[in-house]
J.: 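Just dropping this structure here.
If you're wondering where the values come from, they're calculated on a predicted model, not measured in any experiment. Position 1 is the first residue of the sequence; numbering continues from there. Atoms within each ligand, like the ligands themselves, are counted from 1 in listed order.
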Amino acid sequence: TPVDYIVVGSGPGGIITADRLSQAGKSVLLLERGGPSTGQTGGTYQADWLKGTNLTKFDVPGLFESMFTDPKEFWWCKDINVFAGCLLGGGGSVNGALYWLPSDQDFSTASGWPQQWTNHQPYTAALKARLPPTDAPSTDGKRYLEEVSNVVAQLLIPQGYRNVTINNSPNDKDHIYGYSAYDFVKGKRGGPVATYLQTSLARKNFQLKLNTYVWNVIRNGSQITGVKTNDTGVQDGIYPLKPGGRVILSAGTYGSARILFRSGIGPTDMINLVKGDPVAGPLLPPQAQWINLPVGFNVSDNPSINLVFTHPSVNSYDNWADVFTPGPPAADAAQYLASQSGIMAQASPRLNFWQAMGSTDGVTRWLQGTARPGAASVTTKFPYNQTQIFTITAYLSTGIKSRGRIGINAALNAMPLVNPWLVDPGDKSALITGLKNIASGTALVPGMVMITPDNTTTIDAYVNAYDPSTMDSNHWVGSNIIGPAGKAVVDVNTKVYNTNNLFVVDASIVPTLPFGNPHGLIMSMAEQAAAKILALAT
Ligand code: 6FA
Ligand code: ABL
């Protein structure tokens, strides 16, 4: 049966939008290409040590690092060549869950937002009320495996950093550090799936369909009438809209861009690739109806570089290698199973910090640091103690000037076409400055040794040789940028230009990356987008 709203994709953007629309009494169909994730949603992917509970890999925060080392890895989108979550909850079900309430600057006109978006506070407050952040996720309120926090604090304090509760003052992002904050709830993955989706599911006017892949929107010129899917259970795979209905794409920075290309919306080179595909080509509207918009341009992602250290006080937790199989140390497993407390109640990060930096081109750029036990890779010829390793990931944050382009290839796989990292020389020099600040502080902390790069490689040489594919921080935004006609893909109400009733609400409309890991900003944005869409006359 036709509905008022079809929302495509159940990531942080889609779930929150769908919940607010259904709360307002609209009939809403949420379509997700992937399957269930957490136990609450019917997910069953478990380690042996979790058998007998309904806890899955996606529930247990301490299993986060195993997302990258588990050969089964069915949760990653196979047709996107960077990490993206293709299951209920999207990236929110597989991410590190670091959760920062957005700052005023994150939603400022200086950050590219239209003036009408700058009053984000009521929406951020609504988000905080539904999903409060916590920097003590273990159910007993205690913090575990905190050696890395203590060591890194010793490095930061002499450089003038202050200790704060980060989400208590989101605007305070210069020379501050604090405990990592998450959107875990009761020692388990929480996020929009455990909160907003549950209120939606309780409503009769809301429907969720999993394993349903949207290929394109059905449109007659500027009017969208439904979506075409791989579902063989409905006529022609089509889910229709009511007259006056709307489609909202929330399929992520890569997913929403691809649906637009397949719907004849975007740059001509991308639509021509669709035209050449034997299945997707014939589904395109006639060329006279193609809509030329800069879909895929204006993309950014935080360039990130890892520094690896050892310190005698640190416990690398065996680099998280055993947490899924055969399982964490028996006492930690037992504690988590008994009360969702202990080391397994938290993802790997233990400390976050921010610093503003001047630079040669006069632009202020910020550095974010994330510290955690363990390391993805170590490069040194010197011996080191594997049980004491930890990583500081340095991200270039607000102030990034570099932009890239994403798109598809002839097989319709989505991918970066032009990498967005350190294209701008000011970006590169700022990140190098930040890395040097961290490296130089090492000498002040007794027992702390930097092992990657080691003392045979300078920071400049390390950055110059850094593999661009590992600079990816999975924070892709901007492929369907919000902004003025002629420059942007969506207007101030998130409506795709030159369409009557097609909207995008996900990371892809974000013009500039926020200070921190982005999903907090994306969730506040979805609260605000839903309000703006509901306020539009149909
Ligand atoms: N962000 C944070 O704030 N903190 C973190 O710690 C953090 N960590 C990670 C991380 O460790 C990894 C490995 C990744 C990949 C991302 C991380 N992020 C973190 C970023 C954050 O998760 C993303 O910014 C955020 O999830 C983006 O939210 P969106 O709503 O914009 O998009 P998603 O990709 O999450 O969801 C899209 C959904 O649409 C998916 O469920 C997908 O299956 C579905 N979909 C895609 N194409 C579709 C189609 N054609 N038909 C139907 N469904 C489709
Ligand atoms: C994020 O926001 C990033 O997108 C992730 O890349 C990051 O996790 C998490 N948060 C937590 O800080 C890292 C893992 O800790 C590494 O082990 C992994 O190699 C890396 O993601 C892959 O991008």
J.: Among protein heavy atoms, which lies nearest atom 45 (N) of ligand 1, and at what distance?
T.: Arg33 CD, 3.7 Å

J.: What residues, two or more places apart in sequence or in another chain, satisfy salt bridge (charged side-chain N to carboxylate O under 4.0 Å, His left out) together with Arg372?
T.: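 Counting only residues at least two positions away or on another chain, Arg372 forms a salt bridge (charged side-chain N to carboxylate O under 4.0 Å, His left out) with Glu65.
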
J.: For Gly92, counting its heavy atoms only, list the atoms of ligand 1 lying under 4.0 Å from any of them.
T.: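 Result: 26 (O).
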
J.: State whether a side-chain donor-acceptor pair under 3.5 Å links Asp231 with Tyr239.
T.: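 Note: Asp231 and Tyr239 side chains meet the donor-acceptor criterion.
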
J.: Within the 4.0 Å heavy-atom shell around Ser473, which atoms of ligand 2 are there?
T.: 3 (C), 4 (O)

J.: Note the single closest protein heavy atom to atom 19 (O) of ligand 2, along with its residue, its atom name and the distance in Å.
T.: Ala376 CB, 3.9 Å

J.: In terms of residue, atom name and distance, what is the protein heavy atom nearest to atom 47 (N) of ligand 1?
T.: Ala251 CB, 3.4 Å

J.: Which protein heavy atom lies closest to atom 36 (O) of ligand 1, and at what distance to 0.1 Å?
T.: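 Protein heavy atom with the smallest distance to atom 36 (O) of ligand 1: Gly11 CA, 3.3 Å.
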
J.: Any ion pair linking Asp427 and Arg365 (charged N to carboxylate O, less than 4.0 Å)?
T.: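 Here Arg365 pairs with Asp427 in a salt bridge, since their nearest N and O are under 4.0 Å apart.
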
J.: Closer than 4.0 Å to some heavy atom of Ile522 - which atoms of ligand 1 meet that?
T.: 24 (O), 27 (C)

J.: At a 4.0 Å threshold, what atoms of ligand 1 neighbour a non-hydrogen atom of Gly90?
T.: 35 (O), 36 (O), 40 (C), 41 (O)

J.: By number and element, which atoms of ligand 2 are closer than 4.0 Å to a non-hydrogen atom of Leu98?
T.: 12 (O)

J.: Students often mix this up, so state it plainly: with edges at 30° and 60°, are the rings of His475 and Tyr395 parallel, tilted or perpendicular?
T.: parallel

J.: May I ask you to list the atoms of ligand 1 that are less than 4.0 angstrom from any heavy atom of Ile259?
T.: 50 (N)

J.: In the protein, which heavy atom is nearest to atom 35 (O) of ligand 1, and how far is it?
T.: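 Answer, as residue, atom name and distance: Gly91 N, 2.7 Å.
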
J.: For atom 22 (O) of ligand 1, which protein heavy atom lies nearest, and how many Å away is it?
T.: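 Result: Asn95 ND2, 3.0 Å.
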
J.: Measure the distances from the heavy atoms of Trp75 to every atom of ligand 1 and state whether one is below 4.0 angstrom.
T.: no

J.: Considering the heavy atoms of Cys86, write down every atom of ligand 1 situated less than 4.0 Å from one of them.
T.: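 Per the distance check, 43 (O).
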
J.: Considering heavy atoms of the protein only, find what lies nearest to atom 23 (O) of ligand 2 and give residue, atom and distance to 0.1 Å.
T.: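 The protein heavy atom lying closest is Asn474 ND2, 3.0 Å.
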
J.: In terms of atom number and element, which parts of ligand 1 are under 4.0 angstrom from non-hydrogen atoms of Gly85?
T.: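 Answer for ligand 1: 40 (C), 41 (O), 42 (C), 43 (O).
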
J.: Return the closest protein heavy atom for atom 14 (C) of ligand 2 as residue, atom name and distance.
T.: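 That would be Glu65 OE2, 3.4 Å.
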
J.: In the protein, which heavy atom is nearest to atom 8 (O) of ligand 2, and how far is it?
T.: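 It is Phe64 CZ, 3.3 Å.
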
J.: Before accepting this row, confirm whether a basic side-chain N of the pair Glu527/Arg20 lies closer than 4.0 Å to the acidic partner's carboxylate O.
T.: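 Counted as a salt bridge, because a side-chain N and a carboxylate O are separated by less than 4.0 Å.
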
J.: What atoms in ligand 1 come closer than 4.0 Å to a heavy atom of Leu98?
T.: 2 (C), 3 (O), 4 (N), 5 (C), 6 (O)

J.: Do Val477 and Ser508 come close enough that some side-chain heavy atom pair is under 4.5 Å?
T.: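 Not touching, per the 4.5 Å side-chain cut-off.
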
J.: Mind checking whether Asp4 and Leu241 have side chains closer than 4.5 Å, heavy atoms only?
T.: no

J.: Measure from atom 11 (C) of ligand 2 to every heavy atom in Ala371, Pro349, Gly374 and give the option owning the shortest one.
T.: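 Result: the heavy atom closest to atom 11 (C) of ligand 2 is in Pro349.
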
J.: Consider every N or O of Gly34 and every N or O of ligand 1, then say whether any pair is closer than 3.5 Å.
T.: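 So ligand 1 has no N or O lying under 3.5 Å from an N or O of Gly34.
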
J.: Out of all atoms in ligand 2, which are within 4.0 Å of some heavy atom of His475? Include the element for each.
T.: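 Contacts of ligand 2 toward His475, numbered from 1: 1 (C), 2 (O), 3 (C), 4 (O).
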
J.: What protein heavy atom lies closest to atom 15 (C) of ligand 1? Include the residue and the distance to one decimal.
T.: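 Among all protein heavy atoms, the one nearest atom 15 (C) of ligand 1 is Phe83 O, 3.6 Å.
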
J.: Pull out every atom of ligand 1 sitting under 4.0 Å from any heavy atom of Leu87, numbered as shown with elements.
T.: 41 (O), 43 (O)

J.: Could you tell me the residue and atom name of the protein heavy atom closest to atom 3 (O) of ligand 1, and the distance to it rounded to 0.1 Å?
T.: His519 ND1, 2.6 Å

J.: Can you pull out the closest protein heavy atom to atom 43 (O) of ligand 1? Residue, atom name and distance to 0.1 Å, please.
T.: Glu32 OE2, 2.6 Å

J.: Report the residues that fulfil side-chain hydrogen bond (donor to acceptor under 3.5 Å, both in side chains) with Thr512, sequence neighbours left out, ordered by chain and then residue number.
T.: none

J.: So Phe390 and His311, ring pair (Phe, Tyr, Trp, His ring centres under 6.0 Å) or not? Walk me through it.
T.: CA-CA 8 Å; Phe390 67 100; His311 189 274; 7.3 Å; no

J.: Taking only heavy atoms of Asn517 into account, list the atoms of ligand 2 that are under 4.0 Å away from them.
T.: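 Those atoms are 1 (C), 2 (O), 10 (N).
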
J.: Tell me whether Asp70 is salt-bridged to Lys57, with the criterion being a basic N under 4.0 Å from an acidic carboxylate O.
T.: yes

J.: With under 30° as parallel and over 60° as perpendicular, where do the rings of Trp76 and Phe83 fit, or are they tilted in between?
T.: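 Rings of Trp76 and Phe83: tilted, as their planes differ by 30° to 60°.
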
J.: With rounding to the nearest 0.5 Å, note down the distance linking OG1 in Thr499 to CZ in Arg219.
T.: 8.5 Å

J.: Where the side chain of Ser22 meets the backbone of Asp19, is there a donor-acceptor pair that is under 3.5 Å apart?
T.: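 Looks like yes, one N/O pair under 3.5 Å.
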
J.: When you measure from atom 22 (C) of ligand 2 to every protein heavy atom, which one gives the shortest distance, and what is it?
T.: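 The answer is Phe68 CE2, 3.6 Å.
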
J.: Looking at side-chain heavy atoms only, is the closest gap between Asn306 and Tyr466 below 4.5 Å?
T.: yes

J.: From the options Asp135, Asn352, Thr134, select the one residue that forms a side chain to side chain donor-acceptor pair (under 3.5 Å) with Ser180.
T.: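 Only match with Ser180 under side chain to side chain donor-acceptor pair (under 3.5 Å): Asn352.
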
